[in-house]
Amino acid sequence: MKTEKMKMAMRNVLGTAALCMGCFCAMGCIESPVQAQPSSAPVGLVDLTQAASTSVNAVVYIKVTTNSKTKTVDVQDPFSDFFGDFFGFGGGGTQRRQIQTPKREGSGSGVIISSDGYIVTNNHVVSEADELLVKLNDNREFKGRIIGTDEQTDLALVKIEGKDFPTLPIGNSDELKLGEWVLAVGNPFNLTSTVTAGIVSAKARSMGANSIESFIQTDAAINRGNSGGALVNARGELVGINAMIYSQTGSYSGYGFAIPTTIMNKVVADLKEFSIVQRAQLGVGGSDVSLYIDSEKSKGNEVDLGTLNGVYVGSVADNSAAAEAGLRKGDVIIAVNGKDVKKMAELQEVINTMRPGDKAKVTYMRNKKKETVSVVLRNSQGTTKVMEQMDMDQFGAALKPMDEEAKRQLNLPYGLEVVAVKKGKMADSGVTKGLIILQVNDRPMRTLDDFEEAVKEANRSAERALWIRAITQSGMKRSFVIELGD
């Protein structure tokens with residue numbers, strides 16, 4: 001009898017061991033071995049097969065080609081320090097040289113979000129692309145074109161032509177819970193249609209990679225090539241766009257980070273409609289309350305703000321929504337439109353779901369008392385108007401970098417030559433053919449990219465103007481102001 005009981009116990013132990021080995025990771029292993037029944041699936045087992053099979057068809061492989069270009073770079077003179085110091089002339093000499101960059105190819109992932117071919121990916125995947133090749137899971141290939149990019153959130157919108165493309169339904173990332181199972185779908189290391197699984201490890205994580213971020217942290221394996229791919233919940237809904245990993249080796253070592261769909265939805269809608277993101281700003285600077293308290297304690301100061309969570313307001317910008325509403329330094333923002341805000345990343349996330357002109361109710365603590373105020377959000381220019389992307393054709397001028405012979409003859413280190421002028425903002429301001437543009441808003445003009453970046457920065461500023469310093473072919477200095485507004 002005793003022997004029979006021992007055999008039965010052994011069978012139970014072996015049965016339990018086989019059950020634990022067969023379940024997915026630790027999902028069923030948290031159950032007591034006594035409760036586990038060999039004839040049924042472990043309690044809590046999540047079936048991810050349907051979500052995986054749906055997701056791989058909507059996640060695409062993006063091949064990026066960057067053509068060879070001529071660039072001007074600063075090169076350290078290897079002999080300047082030695083001979084300069086030896087002869088007493090000082091060191092640190094640099095030379096400007098033109099180099100030919102090689103043709104480069106890279107890859108990433110993207111997610112089809114509409115049946116007519118709109119694809120969301122990361123800005124860093126496509127920002128330097130001259131050509132885009134999009135390959136679907138069924139091996140169909142399409143040329144892609146960029147609709148718009150947003151560097152601040154690291155998102156981009158790409159379009160392929162066609163219809164009836166497979167898509168992923170978009171879920172609400174706000175509803176994600178810590179410990180919830182998710183899939184990371186993408187093309188790491190050129191291994192197309194790869195699915196990995198993990199859980200949501202944290203929400204509203206800030207990594208300092210982008211100026212606006214509220215990452216979903218997951219331990220689903222994400223590697224090079226996963227950028228722009230999908231983070232999917234167990235229902236097969238898109239809840240984030242995989243963007244980056246935390247690693248000292250460059251490969252997956254525990255955690256990946258995804259941009260939540262709450263931010264993605266707003267960026268995509270703006271890029272579709274305006275080709276530029278209509279970014280609302282509250283106009284406050286600060287930090288998490290916990291960080292502020294820790295900082296003060298390190299200085300020997302005791303702090304009692306009436307709360308341990310929220311965003312400590314360290315500064316309020318002039319002519320901002322916050323200033324108009326009466327917010328001031330020392331306030332602690334704890335909610336927006338009734339949604340709790342426990343840290344800066346959460347404040348950024350909720351504000352970036354809105355547009356300039358939208359109204360928001362901000363709840364804050366002042367002198368340990370709770371107050372609520374209504375604010376009208378503004379853009380970076382301090383207005384509620386729609387911002388438009390500047391079309392380079394509006395300037396009515398063709399520019400080219402000066403060649404080496406022209407720089408030598410005019411004794412100039414750099415400059416953009418105006419080679420043609422037609423009706424437009426340049427002509428209206430007095431710019432003529434042959435002029436050499438040296439600086440725009442204090443930025444040296446060495447390449448056409450320098451000019452485009454200066455225009456973008458000015459268009460986002462409150463002044464919306466270009467201050468141009470130039471010189472004629474005869475050496476006469478000139479200056480011009482171009483208003484970017486209507």
Side-chain angles (χ1 to χ4, degrees), residues 46-62 108-123 125-126 134-137 144 147-148 150 153-160 164-178 180-188 192-205 213-222 225-245 256-272 349 352-353:
V46 179
D47 185 359
L48 301 173
T49 57
Q50 185 61 43
S53 62
T54 302
S55 302
V56 293
N57 292 318
V59 175
V60 300
Y61 172 81
I62 300 178
S109 304
V111 185
I112 306 176
I113 59 169
S114 64
S115 59
D116 57 348
Y118 281 98
I119 297 170
V120 180
T121 185
N122 289 139
N123 171 69
V125 171
V126 301
V134 177
K135 187 175 182 179
L136 275 61
N137 191 45
I147 300 299
D150 183 44
T153 57
D154 193 23
L155 288 169
L157 187 63
V158 172
K159 181 75 165 63
I160 56 176
D164 298 328
F165 291 112
T167 64
L168 269 180
I170 298 175
N172 185 354
S173 56
D174 276 349
E175 296 177 356
L176 282 174
K177 295 179 174 60
L178 294 184
E180 181 174 342
W181 284 91
V182 287
L183 298 174
V185 188
N187 306 283
T192 57
S193 305
T194 296
V195 179
T196 57
I199 62 169
V200 175
S201 306
K203 295 176 64 177
R205 185 71 82 195
E213 55 187 26
S214 183
F215 290 118
I216 302 165
Q217 180 180 319
T218 176
D219 63 356
I222 296 173
N226 270 113
S227 291
L231 190 71
V232 181
N233 63 20
R235 295 185 297 275
E237 298 170 331
L238 178 68
V239 290
I241 300 296
N242 298 322
M244 60 180 290
I245 60 175
F257 300 89
I259 302 162
T261 52
T262 50
I263 290 179
M264 182 204 80
N265 289 336
K266 164 66 166 46
V267 171
V268 167
D270 284 355
L271 292 180
K272 272 187 177 182
E349 184 174 350
N352 277 277
T353 63

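- Every residue two or more places apart in sequence or in another chain was checked for a side-chain hydrogen bond (donor to acceptor under 3.5 Å, both in side chains) with Asp219, and none qualifies.
- Between the side chain of Asp150 and the backbone N or O of Leu155 there is no donor-acceptor pair closer than 3.5 Å.
- When all heavy atoms of Leu178 and Ala202 are compared, the closest pair comes out as CD2-CA, 3.6 Å.
- In terms of heavy-atom proximity, Val59 sits nearest to Ser109 at CG1-CB, 4.4 Å.
- A search for salt bridge (charged side-chain N to carboxylate O under 4.0 Å, His left out) contacts involving Lys203 returns nothing, not counting sequence neighbours.
- Scanning for side-chain contact (heavy atoms from CB on, under 4.5 Å) contacts around Ala269 gives Arg355, with sequence neighbours left out.
- Residues passing the side-chain hydrogen bond (donor to acceptor under 3.5 Å, both in side chains) test with Lys266, sequence neighbours excluded: Asp270.
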Steps toward side-chain contact (heavy atoms from CB on, under 4.5 Å) verdict (Ile112, Tyr118): CA-CA 6 Å; Ile112 306 176; Tyr118 281 98; over 6 Å; no

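- Shown are Asn265, Thr261, Val268; of these, the side chain to side chain contact (heavy atoms under 4.5 Å, CB included) with Val120 is made only by Val268.
- Listed by chain and residue number, Leu168 satisfy the side-chain contact (heavy atoms from CB on, under 4.5 Å) test with Ala58 (two or more places apart in sequence, or in another chain).
- The salt bridge (charged side-chain N to carboxylate O under 4.0 Å, His left out) test applied to Asp174 returns Lys339, not counting sequence neighbours.
- Shown here for Thr218 and Gly198, the closest heavy-atom pair between the two residues is OG1-C, 4.4 Å.
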Stepwise side-chain contact (heavy atoms from CB on, under 4.5 Å) test for Asn122 and Ile259: CA-CA 9 Å; Asn122 289 139; Ile259 302 162; 3.8 Å; yes

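- In this structure, the side-chain hydrogen bond (donor to acceptor under 3.5 Å, both in side chains) partners of Ser193, at least two apart in sequence or on a different chain, are Asn137.
- For Glu180, the side-chain contact (heavy atoms from CB on, under 4.5 Å) criterion is met by Leu176, Lys177, Val200, Asn233, not counting sequence neighbours.
- With sequence neighbours excluded, the residues satisfying ring pair (Phe, Tyr, Trp, His ring centres under 6.0 Å) with Phe165 are Phe142.
- When the options Thr49, Leu183, Val232 are evaluated for a side chain to side chain contact (heavy atoms under 4.5 Å, CB included) with Val195, the one that passes is Leu183.
- Remark: Pro260 pairs with Ser173, Ile216, Thr262, Ile263, Glu349 by the side-chain contact (heavy atoms from CB on, under 4.5 Å) rule, at least two apart or across chains.
- In terms of heavy atoms, Asn57 sits closest to Pro166 at O-CG, 3.1 Å.
- By the side-chain hydrogen bond (donor to acceptor under 3.5 Å, both in side chains) test, Ser55 is found to be paired with no residue, residues two or more places apart in sequence or in another chain being considered.
- Judged as a salt bridge (Lys or Arg N to Asp or Glu O under 4.0 Å), the pairs with a partner in residues 226-242 (not counting sequence neighbours) are, in order, Arg235-Glu237.
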